[in-house]
2 protein chains.
Amino acid sequence: MTNTESKTAPRRTRQRAAVSTVMATLDEFRTAQEVHAKLRDAGDPIGLATVYRTLAQMAEAGEVDCIRTPDGQSAYRRCSSGHHHHLICRYCGRAVEITPTSFETWANQVAAENGFTQIDHELELYGRCANCALAR
Amino acid sequence: MTNTESKTAPRRTRQRAAVSTVMATLDEFRTAQEVHAKLRDAGDPIGLATVYRTLAQMAEAGEVDCIRTPDGQSAYRRCSSGHHHHLICRYCGRAVEITPTSFETWANQVAAENGFTQIDHELELYGRCANCALAR
DNA sequence: CTGTATGCAAACATTTTGCATAAGC
DNA sequence: GCTTATGCAAAATGTTTGCATACAG
């Protein structure tokens with residue numbers, strides 16, 4: 001109360017820890033449903049809604065990345081570090097993490113030219129990966 | 001049975017023409033729902049399902065590109081268009097149109113490094129415009 | 001006339017939300 | 001004990017599908 005800006009750290013619960021652990025061990029993007037199934041299989045009872053809520057919060061907190069699979073599901077993967085973007089294959093959905101170096105520079109320059117500050121951006125690249133190029 | 005590979009051209013219907021026309025005039029990605037609303041507003045009665053079906057077919061035929069929006073909707077845009085991007089003020093919503101020149105180069109280079117072809121991108125810049133910087 | 005495209009509504013799949021209960025702090 | 005997190009199920013979304021009808025070829 002009183003303070004609109006106060007942010008309390010999420011409570012340490014078994015479920016949250018479980019999701020964190022699973023995400024920490026995964027290198028690939030996984031949907032909320034897959035994470036949920038994995039936890040259930042591991043004998044870790046958890047509600048689907050809780051997985052959704054937890055993953056959304058982790059994404060908000062920048063602990064995991066969130067993309068959309070070609071068939072419209074949300075997929076999450078732990079963040080390697082800092083701010084980055086993805087190069088996504090529109091055929092198989094494979095995503096490559098890319099580090100925007102020159103891009104950040106370009107963005108800031110364009111912003112400055114237009115008198116903008118506090119720049120943030122949303123960027124995704126879509127294309128056809130080498131594998132899918134062969135398949136066709 | 002005849003030919004498994006035979007593909008009949010879709011019939012010329014008012015609805016299909018309408019969707020085609022709308023897509024031809026748009027430079028930005030639009031969701032099926034937006035396209036549907038736009039047609040309805042233009043006094044062109046069409047069913048939502050038809051819009052979905054038509055856009056899916058157009059995407060299949062390579063007439064439009066399909067991506068997923070961050071909130072999970074399918075968005076379509078006609079292929080290869082001289083599109084542009086926006087620099088959007090998150091306070092007042094003012095949008096400045098920007099032309100990605102060096103950015104395109106950068107994107108293509110990154111893509112090539114990762115073995116990707118047929119590159120397309122989704123980019124929006126958000127910030128605080130000069131006006132809103134003063135106001136605060 | 002024959003068969004495909006449409007419209008509507010119901011079916012679907014995924015994600016979100018309301019509310020009572022359990023648990024952290 | 002006061003509050004937040006959880007679980008369940010219902011609701012909300014966005015999309016697809018079944019089927020009768022309209023219409024292009």
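Because only heavy atoms are used, hydrogens play no part in the values below, and waters and symmetry mates are left out as well, while side chains stay in. Reminder, nothing fancy here: chain letters follow the sequence lines and each chain counts from 1. From a predicted model like this one, the values you see are computed outputs, not experimental measurements.
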Using whole Å, report how far [atom1] of [X] lies from [atom2] of [N].
X     : N      : atom1 : atom2 : value
B:L39 : C:dG7  : CG    : P     : 10 Å
B:R16 : C:dG7  : CZ    : C1'   : 15 Å
A:D71 : C:dT15 : CG    : P     : 9 Å
B:H36 : D:dT16 : NE2   : P     : 15 Å
B:E60 : C:dA5  : CD    : C1'   : 17 Å
A:R14 : C:dA23 : CZ    : C1'   : 11 Å

5'-most contact on DNA chain D: B:R12 or B:S74, nearest heavy atom basis?
-> B:S74
Quick check: closest heavy atoms across [X] and [Y], and the distance to 0.1 Å?
X     : Y     : result
A:V51 : A:A32 : CG1-O, 3.5 Å
B:F29 : B:D65 : CE2-O, 3.9 Å
A:K38 : A:V22 : CD-CG1, 4.0 Å
A:V64 : A:M23 : CG1-CE, 4.1 Å

Given C:dC8, C:dG24, D:dC23, the nucleotide with the shortest approach to the side chain of B:R11 = D:dC23
Tell me, which of residues 43-57 of chain B have any heavy atom that sits under 4.0 Å from an atom in DNA chain C?
-> B:P45, B:I46, B:G47, B:A49, B:T50, B:R53
B:Q15 side-chain N/O to C:dG7 phosphate OP1/OP2 under 4.0 Å = yes
So, is B:T13 close to the D:dC23 phosphate, meaning a side-chain N or O under 4.0 Å from OP1 or OP2?
-> no
Which part of the nucleic acid, if any, lies within contact of A:T31, taking any heavy atom under 4.0 Å across all strands shown: a base, the sugar-phosphate backbone alone, or nothing?
-> nothing
Donor + acceptor pair across side chains of B:Y52, B:Q33 (<3.5 Å) | yes
Evaluate side chain to side chain contact (heavy atoms under 4.5 Å, CB included) for B:R16 paired with B:R12, printing each intermediate quantity in order.
-> CA-CA 7 Å; B:R16 178 168 291 267; B:R12 290 278 175 204; 5.8 Å; no
Starting at CZ of A:R78, measure out to CZ of A:R30 and round the result to the nearest 0.5 Å.
-> 11.5 Å
Check nucleotides 11-13 of chain C against the protein and report each pair of N or O atoms closer than 3.5 Å, with its distance, or say if there are none.
none

When clusters are formed by joining ILVMFWY residues with side-chain heavy atoms under 4.5 Å apart, either directly or through shared neighbours, do B:L26 and B:L39 land in the same one?
-> yes
Kindly say whether A:I46 contributes a backbone atom to a donor-acceptor pair with the side chain of A:R14 at under 3.5 angstrom?
-> no
